[in-house]
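As structure tokens, the structure follows; a few thoughts come after it.
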Protein chains: 2
Amino acid sequence: MPQGEPGQSRRPGRPTMREVARLAGVAPKTVSRVVNGVSTVDPQMAARVREAAEKLGYRPNLTASNLRRGDGRTATIGMLVEDAANPYSAALIRTVENIARERGVLVLIGSLDEDPDRERELALALIDRRVDGLVIVPAGRDQSYLIAEQRAGTCLVFVDREPKLLDADVVVSDNRQGAVTAVRHLMEAGHRRIAFLGDQASIPTAAQRLDGYLHALELAQVTADRTLIQQGLVTEQGAIEAARHLMALSDPPTALFTSQNLVTIGASRALRDLALENRVAMVGFDDFPLADMLRPGISVMAQDIEAIGRLAAHALFRRLDGDQSPTATTTVPTRLITRGSGEIPLGEPLRA
Amino acid sequence: MPQGEPGQSRRPGRPTMREVARLAGVAPKTVSRVVNGVSTVDPQMAARVREAAEKLGYRPNLTASNLRRGDGRTATIGMLVEDAANPYSAALIRTVENIARERGVLVLIGSLDEDPDRERELALALIDRRVDGLVIVPAGRDQSYLIAEQRAGTCLVFVDREPKLLDADVVVSDNRQGAVTAVRHLMEAGHRRIAFLGDQASIPTAAQRLDGYLHALELAQVTADRTLIQQGLVTEQGAIEAARHLMALSDPPTALFTSQNLVTIGASRALRDLALENRVAMVGFDDFPLADMLRPGISVMAQDIEAIGRLAAHALFRRLDGDQSPTATTTVPTRLITRGSGEIPLGEPLRA
DNA sequence: TGATGTCGAGACCACGTTGTCTCACCGTGT
DNA sequence: ACACGGTGAGACAACGTGGTCTCGACATCA
């Protein structure tokens, strides 16, 4: 016996303010006031409203609220990272999430996989959902498509890489100085033939790290040897092959500077396969879990991801709170962690 | 000279359909049709609308659309995990994100840190934003607070642990069988004194793994020794201390079964500190990066996280597509990966 | 007692969009 | 020439909520 309107509303939808109002015998606006904690409501009436809301299982509709509301805030921000599954991105997400949570703000995430098209698509998809702001680790070389959105009121903060053709707050690691420190550290152990293994040259951080590497060599008056510079290593396997190739040179490097996580791990595998892990020194950029458990432990230039995420989130919320000051780029220092691999001294030449 | 309405609309907000409509000289509804790709619009008119939208930098407001729209879908789902920064959760997020993306659905995330209150708060915060569905790795022991939401149309899928007092789809690993396999593997190497190191007993997966451990012993007619069972290990440091304690017993275990990632790594550190890593066998539950790079490599029961995430996402979207069939629990098998630590044979007793 | 001020609840509408309905217009058939 | 069906654009209202304004009630004071 299909009924149009039984006593209890059994239609699939959710109860609305209007229904709560009807049950409590008040106007919808009063329910709105109670839900928003407006203090001018009679306590007794408020109690009746809360009771009715409870009874119906009422939950406010934030999308409707956001639509009507003056400030148009959704209490939601978006975060676009390279890959939510990699430890760097994951740690960044978690830090931002924690700070957002303190303000009752939730985080929408998207992985870009270094694809500029995806960056654009996802950024716009987030904007279509009217996020209050965006934290972006950009994949593309042109963020001008965001100019209109920024002007329309979406706050933007960039992390790890600067935006192009767009003026926004940025938080980055000191990649160049970090690379200089890494290479000088290897030099202190006596090394002069130091190879550089890096990922795509198109990624700004990779370029900055190469720049630091070259600068450190120059400071020490060591002529850079192009054969020792391997770039465009995208996978762990690529890094393994590059390291093998380097070590097979007639005059192989005595130390490696690997400019990214996956590359560090790949090179580390290659050295072990060649039984050279205790003879060739290595410093990697980016720390990674269990780096201290390998033999030798892997010395790294660690980025302070927690600080980066915290600064980015704070920059975003400061803007959301109305800060109009000029945009700023914050540079976070990196830190050398010595664990063994970077302290292997220059020994006998590996090849006659 | 403050102007109310200059030629170009310069107010901070975003252009709306109405403004696009005015510029294109059509009705708002026509803009709506163009934006939604309705085919009955005159191509010439559609082009004019698109041009106007482009010119104004128009972006549709999905929250408004969702409000008016019949199905009330936001093309957004929520995902509550233990901690977005841990590799297990991060991989899960990424898998779900990938499948959601194929449908133009974005993912809101939240980390629970095993806190039931946070689970409830975040789940409701997501529901207030009218997510279409939720993927939850529950922290609490009672999900009845979601019954009303489920009835109201929010699809729910649980991962890794079953919900309590709520009927919903579930995707879990075969924890018990995995533990049985791990312990039998250690027995095949001759071990009988096998310790169990696990995290909080309150977490269902932990209980299931302990259950499997006990069952395997029973099958082999080995009496379980309560002194060899260490539970409630929350941190890596806790696991280190537990392993130290076990190895200091007058009759220490010859093999360890560690029921969780952090515990495995802690135990591994402890064994290495005691120089026992090549004498005491160990199998861990959950694979982790670089497990193969340690010496010895750490043998593990690996969960198929990608399959779990995929099945969970598919279950969710099947429901969203209207599937009304009874809820189902899908169990995903685990896989033994041998890397050395689990194959260390029973040798001389460690203590006289 | 009457004028005034205060305060809290409700009426009304708009936020940006889309479902529904209307209606003008076109081509077709007789 | 007229009726007709089909087609496509626009008018209108409503989704759930909150900003604004109104208004009645009650307290205060001259």
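All values reported here derive from a predicted model rather than from experimental measurement. Convention: sequence-line order gives letters A, B, ...; per-chain numbering from 1.
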Protein-nucleotide distance ([X], atom [atom1]; [N], atom [atom2]), rounded to Å:
X	N	atom1	atom2	answer
B:Asn61	D:dG16	CG	C1'	14 Å
B:Arg68	C:dA14	CZ	P	16 Å
A:Arg22	D:dT17	CZ	P	13 Å
A:Asp71	C:dG16	CG	P	13 Å
B:Glu19	C:dC15	CD	P	10 Å

Assign [X] to base, sugar-phosphate, or nothing according to its heavy-atom contacts below 4.0 angstrom with the strands shown.
X	answer
A:Asn66	nothing
A:Val41	sugar-phosphate
B:Ser32	base
A:Val31	nothing

Side chain of [X], heavy atoms from C-beta onward: which of [options] has the nearest atom to it?
X	options	answer
B:Arg69	C:dA9, C:dC15, C:dT18	C:dT18
B:Met45	D:dG10, C:dG10, C:dT18	D:dG10
A:Arg33	D:dG16, C:dG10, C:dT18	C:dG10
B:Arg18	D:dT17, C:dC15, D:dA13	C:dC15
B:Pro60	D:dG16, C:dT17, D:dG18	C:dT17

Can you tell me how far apart CG (A:Leu62) and CZ (A:Arg69) are? Round to the nearest 0.5 Å. 8.0 Å

Which comes earlier along DNA chain D counting from the 5' end, the contact point of B:Leu67 or that of B:Val26, where each point is its nearest nucleotide? B:Val26

How do A:Ser65 and B:Lys29 order along DNA chain D: which one's closest nucleotide is nearer the 5' end? B:Lys29

Would you name the heavy atoms of A:Ala27 and A:Ala21 that are closest together and state the gap between them? C-CB, 3.8 Å

Of all heavy-atom pairs linking A:Arg94 and B:Ala84, the shortest is CD-N, 4.2 Å

Within 6.0 angstrom of A:Glu306 CD, more than 12 heavy atoms from elsewhere: yes

More than 12 heavy atoms of other residues, nucleotides or ligands under 6.0 Å from CZ of A:Arg103: yes or no? yes

Ignoring backbone atoms, establish whether A:Thr30 has a side-chain N or O less than 4.0 Å from OP1 or OP2 of C:dG10. yes

